[in-house]
Amino acid sequence: MDKKRIYLSSPTMHGEEQRYVQEAFDTNWVAPLGPNVNAFEKEMEEYTGCGHAAALSSGTAAIHMALRLLHVKQGDIVFVSDLTFSASCNPIVYENGTPVFIDAEPDTWNMSPQALERAYEKYPHPKAVICVHLYGTPAKLDEIMEICTAHGTPLIEDAAESLGSTYQGRYTGTFGKYGIYSFNGNKIITTSGGGMFVSAEEEAAKKVTFLATQARDPARHYQHSQIGYNYRMSNVTAGIGRGQLLHLEEHKAKKKAIYEQYQAAFADVPAISMNPMNDKGDANNWLSCMTIVKNSKITPDMVMDALQEKCNAESRPIWKPMHMQPVFAACDFFAHGEDGSSVGEEVFARGLCLPSDIKNTDEDMEAIIRTVKELF
Ligand SMILES: *Cc1c(COP(=O)(O)O)cnc(C)c1O
């Protein structure tokens, strides 16, 4: 018999999602926009305290819209976290801007304030800073915001992975001028695909909604004074989001329990460390990750292969840093170490993401832990 598949992070549905989707069908609000979209935005505003939200077709679209609002254009520099998914920086290139990659620091695996300072010495006038909260762990926001404020640079928070994470009691995504969330399939809550742009500025959310619906001027005929996008979330999709949002706290608690179980189980394995937390924050623990001590004979590939073969479990490498990507080979990079040593390269070389699905059973977790421990 085939062994049950253990997932990295798959969608977990509860039933309320279908109720909202059914409502959309019953009222024939299947087309874009409609009551679920408005309600989902309002419920996200209430949950995060972000001020104003615009529901979009993806988190990538939300980053793109944030850069459009800041008028990023040909030749503009944008500082962006290096240890991340390519969606954090691709939209810079959509606007013909130039990404400059800022290394991670070891305490949270997020943007290094030291590397950021050094980037300003060479590029004093970036158009924006895009800071990621990797795997749900909040970045060093105090330090990063202080640097951004000192230089007058707007901060965009890529909170795609950190919905529900807080820093000093406030939700990530609500610190920057603009913030973005993702509801992609494997995120902590999902709409199958979708994203959200958020800002304390009502005008910003309104402008994004306008641009995301083809930038149609208020005229009876179809008139356009700006280039628009078809980036709006649909009313069916938003219904899934409304049902999911009711369970975000529960998902967060289960993700935390998974992290703590791994942490306790590997406490007596000196070669293994778990991904770091930020002691000024409370992470959503979207993915639990481990790193292997330097000079170990065990590699991340060996752990991933063993999980696959012995547990039929899905794991994956740490995001490959952007400065190591062929497509960004020409872009500048600022390392955390003064000697040029990169934290992101280290984490990538020695780390992996463990199965973090909230539907993992006790037996699943025991099998995963046993398999990893047997290697060391
Ligand atoms: C998932 C993700 C995105 C993109 O979100 P989509 O909704 O998939 O477009 C952006 N940044 C990071 C860090 C992500 O993990």
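Each ligand, and each atom within it, is numbered from 1 in the order the structure gives.
The Ala160 neighbourhood of ligand 1 comprises atoms 2 (C), 3 (C), 10 (C), 11 (N), 12 (C), 14 (C), with distances under 4.0 Å to a heavy atom of that residue. Residue Ala87 has at least one heavy-atom neighbour below 4.0 Å for each of these atoms of ligand 1: 3 (C), 4 (C), 10 (C). Counting the atoms of ligand 1 from 1 in the order shown, those under 4.0 Å from a heavy atom of Gly194 are 7 (O). Near Ser182, meaning under 4.0 Å from one of its heavy atoms, ligand 1 places the atoms 1 (C), 5 (O), 6 (P), 7 (O), 8 (O). The Thr84 neighbourhood of ligand 1 comprises atoms 13 (C), with distances under 4.0 Å to a heavy atom of that residue.
A donor-acceptor contact closer than 3.5 angstrom is absent between the side chains of Lys140 and Thr108. Looking only at atom types and distance, the side chain of His64 has a donor-acceptor partner in the side chain of Glu95 under 3.5 Å away. His224 and Gln214 are not linked by any side-chain donor-acceptor pair at a separation below 3.5 angstrom, with hydrogens and angles left out of the test. When only modelled atom types and interatomic distance are considered, Thr299 and Asp301 share no side-chain donor-acceptor pair under 3.5 Å. For His336 and Ser112, the side-chain atoms include at least one donor-acceptor pair closer than 3.5 Å.
Among the atoms of Ile180, none of the N or O lies under 3.5 angstrom from an N or O of ligand 1. Some N or O of Glu161 is nearer than 3.5 Å to an N or O of ligand 1, by distance alone. Inclusion of Asn184 in the set of residues having an N or O under 3.5 Å from an N or O of ligand 1 is warranted.
The shortest separation from a heavy atom of Ser88 to ligand 1 is under 4.0 Å, placing the residue in contact.
Ring pair Trp319/Tyr135 is parallel by interplanar angle, where below 30° counts as parallel and above 60° as perpendicular.
In this structure, atom 1 (C) of ligand 1 lies nearest to the protein heavy atom Lys187 NZ, 1.6 Å.
Within 6.0 Å of atom CD in Gln18, 12 or fewer heavy atoms from other residues, nucleotides or ligands are found, so the atom counts as exposed in its surroundings.
If you check each of Asp158, Leu56, Ile63 against atom 11 (N) of ligand 1, the one with the closest non-hydrogen atom is Asp158.
For the atom pair CE of Met274 and SG of Cys289, the computed distance is 7.0 Å after rounding to the nearest 0.5 Å.
Contact annotation for Thr60 and ligand 1: heavy atoms of both the backbone and the side chain come within less than 4.0 Å of the ligand.
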